[in-house]
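Some notes on the structure that comes next.
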Protein chains: 2
Amino acid sequence: MALGRPREFDVDAALDLALHVFWRKGYEGTSMADLTEAMGITKPSLYAAFGNKEDLFRKALDRYVDGPGGYYQAGLQKPTAREVVEHILYGAVDAMTDPGNPGCLAVQGALCCGEAAETIKQELAARRAKGEQDLHDRLARAIAEGDLPSGTDAGDLARYVSAILQGIAVQAAGGASSDQLRKLADMALRNWPPV
Amino acid sequence: MALGRPREFDVDAALDLALHVFWRKGYEGTSMADLTEAMGITKPSLYAAFGNKEDLFRKALDRYVDGPGGYYQAGLQKPTAREVVEHILYGAVDAMTDPGNPGCLAVQGALCCGEAAETIKQELAARRAKGEQDLHDRLARAIAEGDLPSGTDAGDLARYVSAILQGIAVQAAGGASSDQLRKLADMALRNWPPV
DNA sequence: AGACTTATCTACCGCTTGGTAGAAATCTCT
DNA sequence: AGAGATTTCTACCAAGCGGTAGATAAGTCT
């Protein structure tokens with residue numbers, strides 16, 4: 001059923017390569033030339049397969065969330081609040097200290113930027129907010145189930161865990177080792193749940 | 001003693017304006033045109049007074065550390081570890097929710113970037129590391145003085161506070177309110193010192 | 001074989017980027 | 001008044017940006 005000349009490259013593999021460039025350099029710091037070089041295709045091929053730079057970034061972001069960032073949604077499935085937070089924190093440490101790709105795409109992809117990247121910045125902020133909301137809902141369930149002390153504020157707790165995660169992301173971007181960050185996660189978990 | 005034609009603009013005021021542009025847009029997201037427009041001077045005047053873009057950013061960063069970011073060094077002077085952390089956390093919340101300039105220049109100025117901004121990224125990472133080191137030294141003193149439990153690891157503690165601060169920075173960049181962030185600081189302080 | 005569809009390539013587009021040359025203007029000093 | 005120092009301005013530069021036109025190649029369909 002495939003009409004026309006067949007594509008000579010693997011779309012998913014190319015998208016992975018693009019993802020890693022965006023991850024390392026951020027949206028603004030990545031040029032189309034960076035992408036085509038890393039992906040091993042020419043610009044017209046890139047545009048035909050993925051649309052423009054913004055489209056490509058969104059597709060790479062989706063892939064990130066499902067791939068390297070998958071620890072987050074996986075963590076939310078854990079049976080207890082403690083296991084949820086544990087899985088997410090340690091998962092984040094591992095993902096964000098991946099050699100060659102330090103940090104978190106959702107944080108450093110476009111934390112702040114010029115006008116041209118404004119919509120990407122907002123998309124990332126919205127995704128972070130959505131992640132926090134998902135965690136909120138999961139913790140609210142834990143409170144309802146008696147898994148966490150009643151009277152706990154799920155919103156405050158979710159924001160606290162998010163802040164720790166984002167702190168880990170910034171530290172990782174600055175070159176912190178996985179050992180150092182694991183000790184950070186350990187400390188947060190020794191004090192879990194915070195009062 | 002002033003030879004030559006006198007400068008027609010106030011260097012410090014112009015530097016302040018440049019600082020705010022870098023703060024909002026980051027190093028890469030800021031163009032020379034953005035700067036000259038905000039500062040109300042032409043490009044040759046800018047280059048004559050501040051050097052190139054990188055020089056200007058460094059000067060703006062110095063001004064940031066002494067001005068809006070001054071809460072940090074001020075906090076380190078407080079008499080007890082608790083007051084130090086309290087001052088730094090609440091100071092960060094206030095500084096990073098400054099209307100029109102959300103977030104922290106040292107975090108979002110260049111968390112990740114293309115090759116052209118690499119040295120700025122490293123400079124910012126080094127400054128964050130230096131800040132963490134200063135806090136480490138202050139907390140180590142507190143441990144030595146019996147102000148914090150002996151056996152506490154100053155490095156772990158400093159990294160923990162840094163992570164919270166950087167979490168606040170990311171949340172602020174994403175639009176979190178000062179009320180929300182204050183509750184975050186409250187929670188961290190209720191659990192201080194973490195075991 | 002020939003029509004059709006799609007991918008690939010080279011070459012290019014207009015625009016913005018950081019940065020500067022060179023002349024004119026405005027001050028101080030003698 | 002004139003020399004010297006410095007700032008200011010307009011106009012410009014090469015290089016890089018994101019994005020595309022148009023021809024050609026490589027498949028599938030009838």
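Quick note on labels: first sequence line is chain A, next is B, and so on, each numbered from 1. Computed over heavy atoms, backbone and side chain alike; hydrogens, waters and symmetry mates excluded. Only a predicted model underlies this, so the values are computations on that prediction, with no experimental measurement involved.
The salt bridge (charged side-chain N to carboxylate O under 4.0 Å, His left out) contacts involving residues 84-101 of chain B comprise B/R82-B/E86, B/D94-B/R182, where partners must be two or more places apart or lie in separate chains. Note on residues 65-114 of chain B: no pairs pass ring pair (Phe, Tyr, Trp, His ring centres under 6.0 Å), not counting sequence neighbours.
Partners of A/Q171 according to the side-chain hydrogen bond (donor to acceptor under 3.5 Å, both in side chains) rule, which considers only residues two or more places apart in sequence or in another chain, are B/E132, B/Q166. In this view, A/R127 and A/D62, A/E123 satisfy the salt bridge (Lys or Arg N to Asp or Glu O under 4.0 Å) rule, not counting sequence neighbours. Remark: A/Y27 pairs with no residue by the side-chain hydrogen bond (donor to acceptor under 3.5 Å, both in side chains) rule, at least two apart or across chains. Listed by chain and residue number, A/R63 satisfy the salt bridge (Lys or Arg N to Asp or Glu O under 4.0 Å) test with A/D16 (two or more places apart in sequence, or in another chain).
Spacing between atom CG of B/D55 and atom C1' of C/dG19 amounts to 12 Å, rounded to whole angstrom units. Rounded to whole angstrom, the span from the CD1 atom of A/I41 across to the P atom of C/dC9 amounts to 9 Å. Look at CG on B/N52: it is 13 Å from C1' on C/dT20, rounded to the nearest Å. If you take NZ of A/K43 and P of D/dG16, they are 12 Å apart, rounded to a whole angstrom. Here D/dT20 presents its C1' atom at 13 Å from CG of A/L46, a figure rounded to the nearest Å. The OH atom of A/Y47 sits 11 Å away from the P atom of D/dC17 (whole-angstrom rounding).
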Do any side-chain atoms of residues 108-116 of chain A form donor-acceptor pairs under 3.5 angstrom with protein atoms, and if so which ones, sequence neighbours left out?
residue : atom : partner : partner atom : Å
A/Q108  : NE2  : A/W23   : O            : 2.8
A/Q108  : NE2  : A/P102  : O            : 2.8
A/E115  : OE1  : B/K25   : NZ           : 3.1
A/E115  : OE2  : B/K25   : NZ           : 2.7

Which donor-acceptor pairs under 3.5 Å do side chains of residues 39-51 of chain A form with protein atoms, sequence neighbours excluded?
residue : atom : partner : partner atom : Å
A/T42   : OG1  : A/S45   : OG           : 3.4

Cut-off 3.5 Å, no hydrogens considered: what does the side-chain donor-acceptor table look like for residues 137-146 of chain B, sequence neighbours left out?
residue : atom : partner : partner atom : Å
B/D137  : OD1  : B/Q133  : NE2          : 3.0
B/R138  : NE   : B/L76   : O            : 3.1
B/R138  : NH2  : B/K78   : O            : 2.8
B/R138  : NH2  : B/P79   : O            : 3.1
B/R141  : NE   : B/E145  : OE2          : 3.0

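Within a heavy-atom distance below 4.0 Å of DNA chain C, the residues of residues 25-37 of chain B found are B/T30, B/S31, B/M32. Of the residues in residues 108-122 of chain A, not one places a heavy atom less than 4.0 Å from an atom of DNA chain C.
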If a protein heavy atom is under 4.0 Å from the base, mark B; if only from the sugar-phosphate, S; if neither, -; do that for nucleotides 2-8 of chain C going 5' to 3'. ---BBBS

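Remark: side-chain polar atoms of B/N101 are not paired, donor with acceptor, to backbone N or O of B/R24 under 3.5 angstrom.
Residues B/T119 and B/Q122 have side chains that never bring a donor and an acceptor to within less than 3.5 angstrom of each other.
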